[in-house]
S.K.: 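The structure under discussion is supplied below as structure tokens; questions concerning it will follow.
Whatever order the structure lists them in is the order used to number ligands and atoms, beginning at 1.
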Amino acid sequence: MAPDRLDNSLLVIFGGTGDLARRKLYPALFNLFVDGFLPPALGVIAVGRCGFTRDSFRQEILLPSLETFSRRAASLDAYFEPFATRLHYFRTDIYDPEGYTRLGQFLVELEEAAGSRGNRIFYLAVTPEHFGPVIRSLKETGLVPARGWQRVVIEKPFGHDLPSATELNRQLREAFSEEEIYRIDHYLGKEMIQNIMVIRFANTFFEPVWNNKYIDHVQITSAETVGMENRGGYYDRAGALRDMVQNHLLQLVTLVAMEPPASLATEAIRDEKVKVLRSLKPLDAAAVSKNAIRGQYGAGEIDGQMVPPYRQEKEVAPDSTTETFVALKLFIDNFRWAGVPFYLRTGKRLPLKVTEIILQFKSLPDILYFKEYGELRPNLLVIRVQPLEGVYVQLNAKRPGNNNYIVPIRLDFCQNCEVGVNSPEAYERLLYDVMRGDPTLFTRWDEVEAAWKFVDPISAAWAAQGQPQFPNYAAGQWGPPAAQRLLICDARRWWEENGAESIS
Ligand code: NAP
């Protein structure tokens, strides 16, 4: 891809010393720099409370971040110095109004030195309780409106429920227009997620069968083997439903289920996505009991190592009732999808790190081969999002030989197995899109709102059900037994082992 010509701008990162900035943002910016995708005079200002000098910030934060997390670390010798000249450290407390005045003066100085038009991006890489106060201060102290264009990037979680999300949105809208707000859902920056629309709408043989006539059901799994790492405090207040389902998993549902947009314009795509969310069949309390399974991990074994239970993780309450696993069965009430179950599951401390989408096709009638060989496997389309990136189709074919043995085979495209393919990180694409002003891969407010409207009744029903029997799965298992039953009761099963059957 040839880089677009980008306007010069300043990128102010609130939380410039934090985990997200170090693990994702600086490496992504560096990779973009090495690949020639940054505007010629982008300035990056990391904001934090610690007393770094510009040089100590580069040596103690920036360099280790790039050495550890950049996929272009081999280019550091050649590119670190020119990249580092773009970075500045600004010390202030985000609750200090005078700090914003100083920051404003600093930005003007940088803009004048660069001869730029005063375009500003504010990245809120701070924990959510700070979102509102930072936005308010930006406005009250005159950092916005900027002289040129202005954009704000806001990390997840976007609220805790619909009322808190609505309030956060109200605060944002006092300082920024909807077009200037970039709500990050980093799943949307992943290569294979962007590929879903291409697979669907650029291939003649998928679109005609992409409906309830041919598709039996859809499975979406986003599984992690890790526990809380350093996020126990946040996670214990959020849980898997809010942390994963409300945003990432429902966004995947929209991309699988949306109608073809009228064009590839941002709003045309977002319009179709939001229609999917609005068509989700609401789950009432009875449906939640049946179709929304929650779990919390106990002690268990991951990769041959014993790991502690969730309730013993750092910053987690010893009697926590927070779910670390969710499995859901949902339906989309529209002509294309009526009657097709979408099974979603996500969790921590599961046996595999894998994100994938599986469409299982309906079996043919019980005649010919299906009559003779009752155990024929269904056709599957598997979209692998991570860690493997690719797509494969599972078919039935004759095994070579004198007998008519039918075996499943795969037409398999593994993108990141190809030598020399080093896929860009999600944050590279997302930061690039913010700089060029393309919000297609970010969530619009009405999408966030519709997702909360679907998720809030599930949280409410769980709260009303009272104390769950936690822990109810051992680390290293695929969630509680009820998650398996969710499909077994429908005469289906989760495709495990990296998706479909292992094929000899
Ligand atoms: P973090 O490691 O706790 O970092 C928080 C940052 O906020 C630090 O740079 C801290 O700076 C700064 N900060 C806190 N209070 C401040 C204050 N009063 N004044 C100035 N700066 C202050 O958090 P994080 O993990 O990076 O997460 C940031 C956001 O990204 C959160 O919304 C999180 O949900 C989201 N997110 C994170 C990840 C991830 O992988 N970490 C992934 C997805 C989303 P000092 O302490 O140096 O002052």
S.K.: Quick one: pull up CD in Glu224 and OG1 in Thr355 and give me the separation to the nearest 0.5 Å.
M.R.: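 Taking CD in Glu224 and OG1 in Thr355, the distance rounds to 7.5 Å.
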S.K.: Between Tyr187 and Ser222, is a side chain to side chain contact (heavy atoms under 4.5 Å, CB included) present by the stated rule, with each step listed?
M.R.: CA-CA 11 Å; Tyr187 267 46; Ser222 179; 2.6 Å; yes
S.K.: Report yes if the side chains of Leu29 and Leu42 come closer than 4.5 Å at any heavy-atom pair, otherwise no.
M.R.: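 Of all side-chain heavy-atom pairs linking Leu42 with Leu29, at least one is under 4.5 Å.
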S.K.: Which atoms of ligand 1 sit under 4.0 Å from any heavy atom of His130?
M.R.: 14 (C), 15 (N)
S.K.: Under a 4.5 Å cut-off applied to non-hydrogen side-chain atoms, are His248 and Leu188 in contact?
M.R.: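 Not in contact.
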S.K.: Report the part of Tyr234 in contact with ligand 1, treating N, CA, C, O as backbone and CB onward as side chain, heavy atoms under 4.0 Å; options are side chain, backbone, both, neither.
M.R.: neither
S.K.: Report yes if Asp19 has an N/O atom closer than 3.5 Å to an N/O atom of ligand 1; otherwise report no.
M.R.: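 N/O-N/O distance below 3.5 Å exists for this pair.
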S.K.: Under 4.0 Å from a heavy atom of Gly18: give me the atoms of ligand 1 that qualify, with their elements.
M.R.: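 Listed by number with element: 2 (O), 4 (O), 8 (C), 9 (O), 26 (O).
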S.K.: Would you call Pro145 and Gln150 a side-chain contact if the rule is heavy atoms closer than 4.5 Å?
M.R.: yes
S.K.: Is the positively charged end of Arg183 above the ring of Phe158, judged by distance under 6.0 angstrom from the centroid and angle within 45° of the axis?
M.R.: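 Here Arg183 passes the 6.0 Å and 45° test against Phe158.
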S.K.: What's the shortest distance from atom 18 (N) of ligand 1 to any protein heavy atom, and which residue and atom give it?
M.R.: Asp93 OD1, 3.1 Å
S.K.: Which residue and non-hydrogen atom of the protein lie closest to atom 19 (N) of ligand 1, and at what distance in Å?
M.R.: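 Looking at atom 19 (N) of ligand 1, the protein heavy atom closest to it is Ile94 N, 2.9 Å.
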S.K.: Among all protein non-hydrogen atoms, which one is nearest to atom 10 (C) of ligand 1, and what is the separation to 0.1 Å?
M.R.: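 The closest heavy atom on the protein side is Thr17 OG1, 3.9 Å.
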S.K.: Does ligand 1 have an atom that lies less than 4.0 angstrom from a heavy atom of Phe131?
M.R.: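 Contact present.
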S.K.: Need the ligand 1 atom indices (1-based, order shown) with element for anything under 4.0 Å from a heavy-atom of Cys50.
M.R.: 47 (O)
S.K.: Can you label the angle between the Phe57 ring and the Phe52 ring as parallel, tilted or perpendicular, going by 30° and 60°?
M.R.: perpendicular
S.K.: Considering only the protein, which heavy-atom contact is closest to atom 3 (O) of ligand 1, and what is its distance?
M.R.: Thr127 CG2, 4.3 Å
S.K.: I'd like the name of whichever of Gly15, Ala21, Pro133 reaches closest to atom 6 (C) of ligand 1 through any heavy atom.
M.R.: Gly15
S.K.: Which residue and non-hydrogen atom of the protein lie closest to atom 32 (O) of ligand 1, and at what distance in Å?
M.R.: Val126 O, 2.9 Å
S.K.: Would you kindly specify which portion of Asn230 sits under 4.0 Å from ligand 1, judged on non-hydrogen atoms: side chain, backbone, both or neither?
M.R.: neither
S.K.: Note the single closest protein heavy atom to atom 28 (C) of ligand 1, along with its residue, its atom name and the distance in Å.
M.R.: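 Among all protein heavy atoms, the one nearest atom 28 (C) of ligand 1 is Ala125 O, 3.3 Å.
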S.K.: For atom 34 (O) of ligand 1, grab the closest protein heavy atom and report residue, atom and distance to one decimal in Å.
M.R.: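 Nearest neighbour among protein heavy atoms for atom 34 (O) of ligand 1, to 0.1 Å: Lys156 O, 2.9 Å.
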S.K.: Looking only at protein heavy atoms, identify the closest one to atom 38 (C) of ligand 1 and say how far it is in Å.
M.R.: Leu20 CD1, 3.5 Å
S.K.: Only heavy atoms count here, so choose which of Glu129, Arg22, Glu155 is nearest to atom 36 (N) of ligand 1.
M.R.: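 Ranked by closest heavy atom to atom 36 (N) of ligand 1, first place is Glu155.
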S.K.: Below 3.5 angstrom, do we get any N/O pair linking Arg49 and ligand 1?
M.R.: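 Arg49 vs ligand 1: N/O contact under 3.5 Å present.
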S.K.: Kindly indicate whether a cation-pi arrangement holds for Arg120 with Trp149, taking the cut-offs as under 6.0 Å to the six-membered ring centre and within 45° of the axis.
M.R.: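 Verdict for Trp149: no cation-pi partner in Arg120.
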S.K.: Is there a donor-acceptor contact under 3.5 Å linking the side chains of Asn31 and Ser70?
M.R.: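 Indeed, the side chains of Asn31 and Ser70 share at least one donor-acceptor pair under 3.5 Å.
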S.K.: Does CZ in Phe33 sit with more than 12 non-hydrogen atoms of other residues, nucleotides or ligands closer than 6.0 Å?
M.R.: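 Count over threshold, so yes.
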S.K.: Check Lys24 against ligand 1 and report side chain, backbone, both or neither, counting heavy atoms closer than 4.0 Å.
M.R.: neither
S.K.: When rounded to the nearest 0.5 angstrom, what distance separates CG in Leu66 from CZ in Arg71?
M.R.: 13.0 Å
S.K.: Is it true that, when you exclude Glu129 itself, more than 12 heavy atoms of the residues, nucleotides or ligands shown sit nearer than 6.0 Å to its CD?
M.R.: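 Enclosed.
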S.K.: For ligand 1, which atoms have a heavy atom of Arg23 less than 4.0 angstrom away?
M.R.: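 Result: 39 (C), 40 (O).
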S.K.: When you check the side-chain N and O atoms of Thr324 and Gln296, is any donor under 3.5 Å from an acceptor?
M.R.: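 There is no such pair (donor and acceptor under 3.5 Å, judged by atom type) between the side chains of Thr324 and Gln296.
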S.K.: If the contact criterion is a heavy-atom separation under 4.0 Å, does Thr92 count as touching ligand 1?
M.R.: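 It does; at least one heavy atom falls under 4.0 Å.
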